[in-house]
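Working notes, beginning with the structure itself.
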Amino acid sequence: MKGSKLLWLWILLAVLGLTIGILGMTGCGGSKSSSGGGGGSDDDTADDDSADDDSDDDDSDDDSAYPNLNCPLPNPESLPAGQTIGGGSVADAGQITAYVYNDANCEPVEGAFVVYKGTAYPTSKAGDGKVVIPATSADTTTANADGFWAVSYNADAAIQYFRIRPTDYTLYGRSYDDSSTGDFTAGGAPLGLTNPTVDGILQIGKLLNNPLYLGVALPGVSMNTILSADFMKGFLAQTKFDVTISGMNPFSLPSNIMLPTLTINNILGYTITGGNESYQVPVWAGAPNGTNPIEGLILKIYMHDVLTVQVLTNIITQCLPPNTCDIATILEPLIGPLIQKGLSFPFVAANPVWDGTGSPDMEAVGTAVKGSVGVSVSNPDPSFNYLGLMAAEVPNRALLPEGIMFADASGNGTLGYADYPEARYIALMGKTDLIASEFSNFHLNFAIQWFNSVSDFASGIAFSDSDFPPMLDGSFSNSGVISWGTTKGAPDVVFVIYVPKCDGCPIVFATVPASQGSYTPPYAQLGITPNPGTPTSVEDIVVVLGINLPDGVDINNFDPTQLLGYKSTGVNMWTNIDIISLIGGLGGKEE
C-alpha cells in the first residue's frame with residue numbers, strides 16, 4: 001500500500017478518535033442552505049433551538065453562523081435542500097439518474113462512470129457529469145474515475161449525486177505554505193507552559209511530580225467536511241523539528257506540535273531532548289470566504305498518577321528475563337490510570353475566522369473555567385470498559401475535546417469542560433472490551449448526547465448500558481464480501497471504508513442499509529483484486545461503522561456525503577485491523 005493511502009487512513013481514524021474517544025465518530029452541524037453544500041440536520045427538532053438555524057438559546061454563548069467551507073454541489077434535479085439522494089422509488093422512475101462531481105470544486109468529472117449490477121455506465125459527453133441507468137430496483141451504485149476515490153450508495157432513490165474525492169491533493173488545485181509561528185495565548189500573551197528538566201536518576205521525582213505539556217494546532221476540522229480534508233499537505237506542517245532519544249536515530253515531528261523544551265538526562269540509561277516552543281499550521285491560499293480556520297488543544301500528562309511504584313514493579317517483574325512481555329502487557333496497567341487521572345486537556349483554543357496572515361495565535365480557554373460534571377453509566381457490563389469524552393463544537397470550524405474520563409467499576413466518573421464561546425457540546429461514552437480482553441478483542445460502541453449550552457448538563461450526564469447500539473461483528477472473506485452482524489437490532493445505516501493495499505487502487509466509501517448485512521465493492525470495474533490477508537497479517541483494510549441516525553432521517557432521502565455530519569445518537573465499529581500490530585508492530589499477546 002502506498003504510504004500516502006495508509007497515512008490518510010491513520011489521520012482520519014486519529015481525528016475521528018480524538019473527537020469521540022480513542023476511535024469512532026460523531027457529528028457536527030453544517031449549513032443547510034443548499035443541496036450537497038451543508039451538513040445534515042436533526043429532523044426531530046424538539047431538542048433544537050429551531051428547525052431552521054444553528055442558533056443557541058443561551059445568549060451568553062454569542063453564537064455566530066459560520067458557513068460550510070466545502071463548495072456546494074449543483075442541484076440539477078431540484079432535490080430538497082439537504083439531500084443528495086431522493087426523487088422517489090427507482091421502480092417507479094424506471095431508471096436511476098446520477099451525477100458525478102469533483103469534491104474539490106463541485107464541477108462535473110470528465111471520464112467518470114457509475115457501476116450498477118456489474119455494468120459501468122459512463123457519464124454523458126455533454127460535460128454535465130450525468131449518467132442515466134435503466135433500472136427496476138434499488139441496488140448498489142458506485143461512482144469512480146481515474147485519479148479519484150470511489151463512492152457507493154445503496155438506496156431506493158431515483159436521483160443520486162456523487163461527490164468523489166481526488167486521490168492526489170494536487171488535484172484539488174490547492175496550494176499550501178506553512179504559516180509564521182504562533183502561540184497559545186492567555187490575555188494576548190503566550191501561555192508560557194514549561195516542561196521539567198531532569199538531570200539524572202536522582203531527579204526522577206521531578207519527572208513524576210511535574211506535568212508534561214504538549215500542544216497541537218491544526219486547520220479547523222468538522223466532521224461534515226473531514227472526508228474532504230487535504231490530510232497529505234493541508235493538515236500537517238511541512239516544517240519539522242527533531243526529538244532525540246539516546247540509542248535511536250533522531251525523529252522529526254511536524255511543527256503543528258508545540259512541545260515546551262524537554263530535557264531528560266540518564267533516566268534508566270536514556271536521554272531525551274526536544275522542543276518547539278511555538279507552532280505552525282498549513283495555510284491554504286485562496287480559501288473560501290477568505291478564512292483558514294484553526295483549532296488547537298493542550299494535553300497534560302501527570303506521570304505521578306500513571307507510573308506508580310506498584311505499576312512499575314509489576315511491569316519490571318513481568319518483563320525481566322527469562323520472561324518476555326509484549327506491548328499489551330506494558331500498556332494494560334497504564335491505560336486506566338492515564339485516562340482516569342494522568343491525562344487531561346487543560347486548555348482548548350480556536351480562531352474560526354483566521355485569514356491566514358500574520359501569527360496564527362489562539363487564545364486558550366481553560367477547561368476548569370466551569371469545572372467538571374459528573375457522568376454515570378447505569379448497569380455497566382463488567383466485561384467492558386467505559387470511556388467518556390466531552391467535546392465543544394464550533395459548527396463548521398472546530399471540534400475541541402475538553403475532558404476525558406475512565407469510568408470506575410460502578411460506571412461513574414467526571415468530565416472537565418470549558419464554556420467555549422460559540423460552542424455546542426457533545427458528550428460521548430465509549431464502551432469497549434479492548435482493555436478488559438488484554439487487547440485480544442476490539443469492539444467499540446458509542447452512546448452520544450448533544451447539548452446547546454453548559455447549563456443543559458449542569459446537573460450531570462446519565463447514560464444507561466441500554467443506550468449503546470448493538471455490537472458489530474464483521475468479516476472480510478477471501479472472495480471480498482464485507483459482512484457484519486449484531487447481537488440485537490441493526491443500526492440504521494452502515495458506512496464502510498475500504499482501503500485496498502494495491503498501488504493506484506481507489507479507496508472506497510460506501511453507505512448502505514445496515515439490514516443489508518454485507519457489501520461487496522465492484523472490484524473488477526475498479527481494477528481491484530481483494531486481498532483480506534489473514535487474521536494476523538492484514539492486507540486490505542476495512543472499517544465498518546454502524547450508525548443510529550436521528551429520528552426522521554430517511555436513508556432513501558438524505559445526504560450520504562454528509563453522513564458524519566448528522567447528530568447521531570449511537571455509533572459502533574468493527575475493523576479487521578490488528579490493533580496490537582498497529583500500535584507497535586510487536587505482534588499479539590503471547591500465550
Side-chain angles (χ1 to χ4, degrees), residues 27 35-43 73-101 103 112-121 123 129-144 149-165 224 227 482-484 490-498 508-522 525-526 544-566 568 571:
S35 177
S41 62
D42 182 350
D43 288 352
L73 289 183
N75 189 7
E77 302 294 330
S78 301
L79 287 176
Q83 293 184 21
T84 57
I85 63 170
S89 167
V90 174
D92 290 343
Q95 64 184 31
I96 296 172
T97 303
Y99 293 81
V100 184
Y101 296 110
D103 178 55
F113 58 88
V114 176
V115 180
Y116 172 77
K117 291 188 175 181
T119 299
Y121 295 85
T123 54
K130 184 176 181 179
V131 180
V132 178
I133 301 170
T136 57
S137 63
D139 207 310
T140 300
T141 49
T142 304
N144 188 231
W149 294 346
V151 173
S152 284
Y153 301 151
N154 190 315
D156 191 11
I159 299 170
Q160 303 181 11
Y161 301 156
F162 291 90
R163 185 172 191 142
I164 60 175
R165 186 189 198 282
N224 65 316
L227 296 179
I482 300 167
S483 304
W484 55 86
D492 296 324
V493 67
V494 158
F495 181 52
V496 178
I497 305 172
Y498 169 64
V508 181
F509 300 110
T511 306
V512 297
S515 58
Q516 181 174 308
S518 67
Y519 165 72
T520 304
Q525 291 79 12
L526 298 179
V544 178
L545 300 173
I547 303 167
N548 287 347
L549 292 170
D551 292 343
V553 175
D554 179 357
I555 62 173
N556 297 312
N557 295 276
F558 83 126
D559 185 356
T561 69
Q562 301 294 321
L563 183 62
L564 305 187
Y566 284 89
S568 299
V571 175

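- By the 4.5 Å heavy-atom criterion applied to side chains, Gln516 and Asn154 are counted as neighbours.
- In plain terms, the two heavy atoms of Phe162 and Ala98 that are nearest each other are CE1-CB, 3.9 Å.
- With Asp156 contributing its side chain and Asn556 its backbone, the two residues share no donor-acceptor pair below 3.5 Å.
- Atom CD1 of residue Ile164 and atom CG of residue Asp103 lie 9.0 Å apart, to the nearest 0.5 angstrom.
- In this structure, the side chains of Tyr519 and Val494 stay at 4.5 Å or more apart for every pair of heavy atoms.
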- Derivation and outcome, side-chain contact (heavy atoms from CB on, under 4.5 Å), residues Thr97 and Lys130: CA-CA 7 Å; Thr97 303; Lys130 184 176 181 179; 3.8 Å; yes
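- At least one side-chain heavy atom of Ser152 sits less than 4.5 Å from a side-chain heavy atom of Val508.
- Side-chain contact between Tyr161 and Thr561 is absent, with no heavy atoms from C-beta onward closer than 4.5 Å.
- Here the CG-CG distance, from Leu73 to Asp559, works out to 7.5 Å after rounding to the nearest 0.5 Å.
- Taking the six-membered ring where the residue is Trp, the centroids of Phe558 and Tyr566 are separated by under 6.0 Å.
- Looking only at atom types and distance, the side chain of Thr141 has a donor-acceptor partner in the side chain of Gln160 under 3.5 Å away.
- Here the side chains of Phe113 and Val131 are not in contact, with every heavy-atom distance at 4.5 Å or above.
- You'll find the side chain of Ser568 stays beyond 4.5 Å of the side chain of Asn548, heavy atoms only.
- Contact annotation: the side chain of Ile482 approaches that of Pro521 to within less than 4.5 Å [non-hydrogen atoms, C-beta and beyond].
- With a 4.5 Å cut-off on side-chain heavy atoms, Thr511 and Phe509 do not count as touching.
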